[in-house]
Amino acid sequence: MKRQDYISWDEYFMGIALLSAMRSKDNNSQVGACIVSPENKILSLGYNGMPIGCNDDDMPWEREGSDLDTKYMYVCHSELNAILNSPNHDLRGSRMYVTLFPCNECAKAIIQSGIKELIYLSDKYHDTHASIASRRMFNMTGVKYRAYQPTGREIKLDV
Ligand SMILES: O=c1[nH]c(=O)n([C@H]2C[C@H](O)[C@@H](COP(=O)(O)O)O2)cc1CO
Ligand SMILES: [Zn+2]
């Protein structure tokens, strides 16, 4: 009989999204994304970070202050990074695992790239206009979205 204690596809890909998030330099929100084909092959990964060539040590990571001195002006969201990192750029019909529900800007990129399903972990900005706008666009365009169902399984990495 086959082994029964294996992790599901959802646990596998959300786990990889969480691992990707651990690369983030953001001290408040670490976000990771994993894009997967209908055949369950990983197409791309991303996490929130500064654009390539912008030195992490020279960029602001603050949340407050004058616009130009906050991270928001510069940081590239995990979802956009995952979309832009995909080698062949054909994401039609794929699904995205992301550790935080996407903002409206990422929602636009998700829709335009043909991603058809979104599985998210945290929804901590559920009531913000950005999240409301994302849901509005997903509903209109038929992009399915669902909250990841935690299994309670602890996955420990000791490397
Ligand atoms: O969908 C998202 N994807 C994503 O990568 N981010 C990033 C941008 C910032 O680095 C951080 C949000 O910062 P904060 O939670 O401190 O406002 O998370 C934020 C969102 C949603 O706000
Ligand atoms: Zn975003």
Side-chain angles (χ1 to χ4, degrees), residues 7-52 59-65 67-68 70-153 155:
I7 58 174
S8 67
W9 287 119
D10 274 8
E11 284 174 299
Y12 183 38
F13 297 127
M14 192 56 89
I16 292 169
L18 278 165
L19 191 65
S20 305
M22 291 173 74
R23 284 276 312 150
S24 176
K25 319 299 181 306
D26 191 313
N27 34 51
N28 192 55
S29 295
Q30 303 85 40
V31 190
C34 175
I35 307 177
V36 177
S37 78
E39 299 80 33
N40 291 316
K41 295 179 183 172
I42 294 175
L43 300 176
S44 195
L45 298 169
Y47 58 88
N48 55 326
M50 292 298 168
I52 295 168
M59 301 302 286
W61 290 100
E62 277 66 45
R63 310 181 71 218
E64 283 164 13
D67 266 6
L68 287 173
T70 69
K71 62 184 175 183
Y72 299 109
M73 278 287 169
Y74 312 99
V75 77
C76 195
H77 290 194
S78 71
E79 302 92 314
L80 188 61
N81 270 334
I83 290 168
L84 297 175
N85 287 345
S86 68
N88 68 11
H89 288 292
D90 186 5
L91 301 177
R92 283 173 295 176
S94 65
R95 61 190 199 277
M96 176 185 275
Y97 290 81
V98 63
T99 63
L100 177 61
F101 191 83
C103 75
N104 59 310
E105 292 298 334
C106 290
K108 297 175 201 176
I110 288 167
I111 292 163
Q112 297 300 65
S113 62
I115 293 169
K116 284 286 171 272
E117 188 180 4
L118 180 91
I119 303 95
Y120 61 92
L121 198 59
S122 167
D123 195 14
K124 64 178 176 176
Y125 296 128
H126 183 270
D127 296 325
T128 62
H129 284 177
S131 291
I132 294 169
S134 293
R135 289 193 293 275
R136 190 182 283 179
M137 289 188 277
F138 289 149
N139 291 339
M140 283 180 128
T141 57
V143 173
K144 289 188 283 174
Y145 52 92
R146 60 181 166 90
Y148 174 78
Q149 298 302 321
T151 59
R153 185 200 303 271
I155 298 177

To the nearest 0.5 Å, atom CZ of R63 lies from atom CG of N28 at 4.0 Å
Shortest non-hydrogen pair, K71 vs W61, comes out as CD-O, 3.7 Å
When rounded to the nearest 0.5 Å, the distance separating CG of L43 from CZ of R95 is 10.0 Å
To the nearest 0.5 Å, atom SG of C106 lies from atom CG of L80 at 6.0 Å
For this session: Fit a plane to each ring of F138 and Y145, take the angle between them on a 0 to 90° scale, and name the class: parallel (under 30°), tilted (30 to 60°) or perpendicular (over 60°).
Result: tilted
* **Residue pair R146, D10: steps toward the side-chain contact (heavy atoms from CB on, under 4.5 Å) verdict** => CA-CA 11 Å; R146 60 181 166 90; D10 274 8; 2.8 Å; yes
When you compare the side chain of R135 with that of H126, does any pair of heavy atoms fall below 4.5 Å? yes
Exceeds 12 heavy-atom contacts within 6.0 angstrom, atom NZ of K124: yes
Exactly one candidate in P102, C103, S113 meets side-chain contact (heavy atoms from CB on, under 4.5 Å) with E79; the answer is P102
N85 and G46 have their tightest heavy-atom pair at ND2-CA, 4.2 Å
In this structure, SG of C76 is separated from CD of E105 (nearest 0.5 Å) by 11.5 Å
I'd like to know if the side chain of S131 reaches the main chain of D127, judged simply by a donor and an acceptor atom lying under 3.5 Å from each other, with no hydrogens or angles considered. no
Between G32 and A21, the two heavy atoms sitting closest are N-CB, 3.5 Å
For atom CZ of R92, decide whether the heavy atoms of other residues, nucleotides or ligands shown that lie under 6.0 angstrom number more than 12.
-> no
Shortest non-hydrogen pair, N81 vs G49, comes out as ND2-N, 4.0 Å
### Message
With side-chain contact (heavy atoms from CB on, under 4.5 Å) as the criterion, how do H77 and V31 come out once you've worked through the C-alpha distance, each side chain's angles and the decisive distance to 0.1 Å?
### Response
CA-CA 8 Å; H77 290 194; V31 190; over 6 Å; no
Distance col, row M73:CE vs M59:CE, nearest 0.5 angstrom, shows 11.0 Å
Tested for side-chain contact (heavy atoms from CB on, under 4.5 Å) against V98, the lone hit among I119, L121, I110, L118 is L118
Of F101, Y125, F13, Y97, the one forming a ring-ring contact (aromatic ring centres under 6.0 Å, His included) with Y120 is F101
Are M96 and I83 close enough, and set up right, to give a side-chain contact (heavy atoms from CB on, under 4.5 Å), and what steps lead you there? CA-CA 10 Å; M96 176 185 275; I83 290 168; 4.2 Å; yes
- Task: State whether the side chain of K144 and the backbone N or O of G142 hold a donor-acceptor pair below 3.5 Å, judged by distance alone.
- Result: no
Evaluate the side-chain proximity of L45 to C34: yes if any heavy-atom separation is below 4.5 Å, no if none is. yes
field: Intermediate values then yes/no, side-chain contact (heavy atoms from CB on, under 4.5 Å), I155 and L18
entry: CA-CA 11 Å; I155 298 177; L18 278 165; over 6 Å; no
Using modelled atom types and a 3.5 Å cut-off, is there a donor and acceptor pairing between side-chain atoms of S94 and backbone atoms of S37?
no
Closest non-hydrogen contact found for A82 with S44 is O-OG, 2.7 Å
Distance col, row T99:OG1 vs N48:CG, nearest 0.5 angstrom, shows 8.0 Å
For K116 and G93 the tightest heavy-atom approach is CG-CA, 3.9 Å
